[in-house]
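Worksheet: one structure, shown below.
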Amino acid sequence: MTAHWGVPDPAQAKGTPEQVERAFRDAYLLLERRISLFLSLPLSSLDKLAIQKEVNQIGASSPELRSYFAPRGV
C-alpha cells in the first residue's frame, strides 16, 4: 500500500518573513492533520482496499493552500 500526500515545499515560499513562517506552519499543520486522520482509522476492522481508499481520501481532503509560492519558472 502506498500514499502520496503532496505538500508544497515551504522552503520555496516567497514573501515577508511572516508569510514564510506561515507557509512552514501551514505545511506542518496539513501533515499533522493527515497523520492524525490516518492514526484514527480502525485499521483492524478494514480490509486492504478499504484502507487504501481511506488513505487516498485523506490525501485529497486538503484545506485550501495559500499562495506563498512563486509560479514555476520564476
Side-chain angles (χ1 to χ4, degrees):
M1 176 173 320
T2 62
H4 178 77
W5 294 340
V7 175
D9 182 356
Q12 300 300 314
K14 307 294 180 198
T16 66
E18 292 80 16
Q19 290 171 317
V20 172
E21 182 180 333
R22 182 64 183 244
F24 275 90
R25 187 173 37 251
D26 287 351
Y28 170 83
L29 291 172
L30 179 58
L31 289 170
E32 181 183 48
R33 174 167 166 68
R34 288 175 175 174
I35 292 167
S36 177
L37 288 169
F38 175 74
L39 292 175
S40 71
L41 291 175
L43 298 176
S44 62
S45 64
L46 297 173
D47 63 25
K48 186 175 178 179
L49 188 59
I51 294 170
Q52 185 67 60
K53 180 181 175 185
E54 293 291 336
V55 167
N56 291 343
Q57 287 179 342
I58 290 169
S61 65
S62 305
E64 186 175 317
L65 297 173
R66 294 172 178 80
S67 7
Y68 300 114
F69 306 93
R72 293 185 187 264
V74 172

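Each residue takes its place number in the sequence, starting with 1. As the structure is a computational prediction, the values presented were derived from the model and not from experiment.
Under the 4.5 Å side-chain contact rule for hydrophobic residues, Y28 and I35 do not share a cluster.
Between A13 and V20, the shortest heavy-atom contact is O-CG2, 3.9 Å. The two residues P10 and A27 come nearest to each other via the heavy atoms CG-CB, 3.9 Å.
For L29, the side chain to side chain contact (heavy atoms under 4.5 Å, CB included) partners at least two apart in sequence or on another chain are R25, E32.
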*Could you walk me through whether W5 and V55 pass side chain to side chain contact (heavy atoms under 4.5 Å, CB included), step by step?*
CA-CA 9 Å; W5 294 340; V55 167; 3.9 Å; yes
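For residues 46-55, the side chain to side chain donor-acceptor pair (under 3.5 Å) pairs, not counting sequence neighbours, are Q52-N56.
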Which atom pairs, donor and acceptor, lie under 3.5 Å between side-chain atoms of residues 37-46 and protein residues at least two apart or in another chain?
residue	atom	partner	partner atom	Å
S40	OG	L37	O	2.8
S45	OG	P42	O	3.0

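Judged by distance alone, the side chain of Q19 and the main-chain N or O of T16 form a donor-acceptor pair under 3.5 Å.
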